[in-house]
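Please read the structure below before turning to the comments.
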Amino acid sequence: MVMSVIELTVGWYRDHKRDLPWRHPEAGAWGVMVSEFMLQQTPVSRVLPVYELWLARWPKPGDLAAESSGEAVRAWGRLGYPRRALRLHAAATAIATGHGGVVPASYEELRSLPGIGDYTAAAVASFAYGRRHAVLDTNVRRVLARAYSGAQYPANTVSAAERELAKRILPEQASDAAAWAAASMELGALVCTAKAPRCEQCPVAALCKWRESGYPEHTGPARRGQSYAGTDRQCRGALLAVLRAAHIPVEAETLFAAWPDEAQRGRALQGLLTDGLAVRTADSRYRLP
DNA sequence: CAAACGTGGCC
DNA sequence: TGGCCAAGTTT
């Protein structure tokens, strides 16, 4: 019998999926949700240790909600994009107060929580609750682009056509759809990678349109490079690192010792205050919220 | 829609 | 060495 891309991918996943803690049954929906926040734009290898610490310290949403948001930021460590820690704390608070302490199962309820966009809502509903949703992350988008559209890379932003394709091929049965979501993400992460795809190991190589077309190279605009060295972002990171390490409020002088450029560090501190990642005390010192 | 938002590893 | 890339969201 002829197997489809979806069937082949799900079969491959059964034998090749990584043993990740948030895939264990005991992780629960909260574990899945925490992992999804941490994995936004962040590699699995860097998430693993922080995830373990978080789940041990805050096994339920209410446990995190009971702490200050600053503790969430501190425990976030160097994962990057620390506003995610703030939003995860805010989401936990919303779950504790408005959802009986239980991570909601519906896409709409999840989507309304801070820090949860289209991808994360679909992912939590699918992975934690087996709901039927098109889960479109960078991995899945690349797999679809190659296997179905014959392109090396998807466009910079998700297109309507892409969503339609994802919905069109989504298995009818919710459990099958959830299996496909997990499997296609894993395929994109391990085999159908951005740089050097392992087509020899790919379960759908024989059906891949990109391969069939002779691997045409990407046309169209390159992805915007994200510089970092010397940027305001790096400056913010340096200042926040000082606040994370300090357990009493620090002087502006102490904070500013972490960065040479005067104009930049002033901008960065204001940004941290505006974002709620730092607060000024009555005696004009600074600390985590 | 583009820009802002961290950080580290890899080729 | 430096650009690219990593399970995105918000404004």
Side-chain angles (χ1 to χ4, degrees), chain A residues 13 17-18 20-23 27 31-51 73 76-88 90-91 110-128 133-144 152-160 178 181-190 192-197 218 221-244 258-259 264 267-268 270-272 274-278:
Chain A
Y13 180 68
K17 68 175 175 182
R18 290 168 291 179
L20 301 171
W22 44 87
R23 288 177 176 165
V32 171
M33 181 174 147
V34 170
S35 76
E36 290 303 336
F37 269 79
M38 292 183 171
L39 287 163
Q40 290 167 6
Q41 300 284 281
T42 309
V44 167
S45 59
R46 303 222 338 262
V47 166
L48 283 171
V50 185
Y51 171 87
V73 173
W76 198 253
R78 303 187 64 79
L79 271 188
Y81 292 139
R83 288 190 292 193
R84 290 182 292 168
L86 237 35
R87 292 178 181 141
L88 180 50
L110 287 163
R111 185 67 181 76
S112 73
L113 296 172
I116 296 194
D118 180 55
Y119 161 74
T120 303
V124 173
S126 180
F127 301 153
H133 290 287
V135 178
L136 269 186
D137 82 317
T138 188
N139 291 306
V140 177
R141 294 186 62 215
R142 191 170 52 247
V143 168
L144 294 183
Q152 184 180 24
Y153 297 121
N156 283 335
T157 57
V158 181
S159 68
S184 53
M185 279 182 67
E186 192 77 335
L187 187 68
L190 299 182
C192 195
T193 52
K195 268 191 294 182
H218 181 67
R223 196 190 291 195
R224 267 192 76 78
Q226 38 180 325
S227 55
Y228 181 60
T231 60
D232 284 7
R233 285 156 83 174
Q234 187 181 27
C235 179
R236 284 168 58 108
L239 300 191
L240 193 60
V242 174
L243 294 183
R244 279 200 310 266
W259 194 260
Q264 213 170 18
R267 248 192 339 265
Q270 185 50 56
L272 292 174
T274 300
D275 291 348
L277 284 164

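Scope of the values below: all heavy atoms of this structure, side chains included, with no hydrogens, waters or symmetry mates. Convention: sequence-line order gives letters A, B, ...; per-chain numbering from 1.
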Nearest-nucleotide comparison on DNA chain B, the residue closer to the 5′ end among A:S45 and A:L79
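Nearest-nucleotide comparison on DNA chain B picks A:L79.
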
side-chain contact (heavy atoms from CB on, under 4.5 Å) between A:L88 and A:M33, worked out:
CA-CA 9 Å; A:L88 180 50; A:M33 181 174 147; 3.9 Å; yes

Quick one: which protein N/O atoms are closer than 3.5 Å to N/O atoms of nucleotides 1-4 of chain B? Pair and distance per line, please.
unit_1: B:dA3; atom_1: OP2; unit_2: A:R224; atom_2: NE; d: 3.4

Whether the A:Y119 and A:E36 side chains hold a donor-acceptor pair (N or O, under 3.5 Å, no angle test) is what I'd like checked.
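Yes, because at least one side-chain N or O of A:Y119 sits under 3.5 Å from a partner of the opposite role on A:E36.
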
Taking only the side-chain nitrogens and oxygens of A:R46, find out if one of them lies under 4.0 Å from OP1 or OP2 of B:dT7.
no

Taking only residues two or more places apart in sequence, or in another chain, which ones meet A:R83 in a side chain to side chain donor-acceptor pair (under 3.5 Å)?
none

Which residues satisfy the side chain to side chain donor-acceptor pair (under 3.5 Å) test with A:E186, sequence neighbours excluded?
A:R18, A:R23

Of all nucleotides in DNA chain C with an atom under 4.0 Å from a non-hydrogen atom of chain A, which is the first and which the last going 5' to 3'?
C:dC4 to C:dT10

Does any N or O in the side chain of A:S184 come within less than 3.5 Å of the main-chain N or O of A:A181, such that one atom is a donor and the other an acceptor?
yes

Starting at atom CD of A:Q41, determine the distance to atom C1' of B:dT7, rounded to an integer number of angstrom.
11 Å

What's the CG-P distance between A:L239 and B:dT7, to the nearest Å?
10 Å

Answer with base, sugar-phosphate or nothing: what part of the nucleic acid does [X] contact at a heavy-atom distance below 4.0 Å?
X      : value
A:A194 : sugar-phosphate
A:L20  : base
A:T120 : sugar-phosphate

For A:R23 and A:P114, take the nucleotide of DNA chain C holding the closest heavy atom to each; which residue's nucleotide lies nearer the 5' end?
A:R23

Given DNA chain C, 5'-ward residue of the pair A:L113 and A:S35, judged by closest heavy atom
A:S35

ring-ring contact (aromatic ring centres under 6.0 Å, His included) involving A:Y81 - partner list, sequence neighbours excluded
none

Sub-4.0 Å heavy-atom contacts from residues 133-141 of chain A onto DNA chain C, ordered by number:
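Within this stretch, A:D137, A:T138, A:N139 sit under 4.0 Å of the strand.
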
Rounded to the nearest 0.5 Å, what separation is found between the CG atom of A:L243 and the CG atom of A:L277?
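Taking CG in A:L243 and CG in A:L277, the distance rounds to 9.0 Å.
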
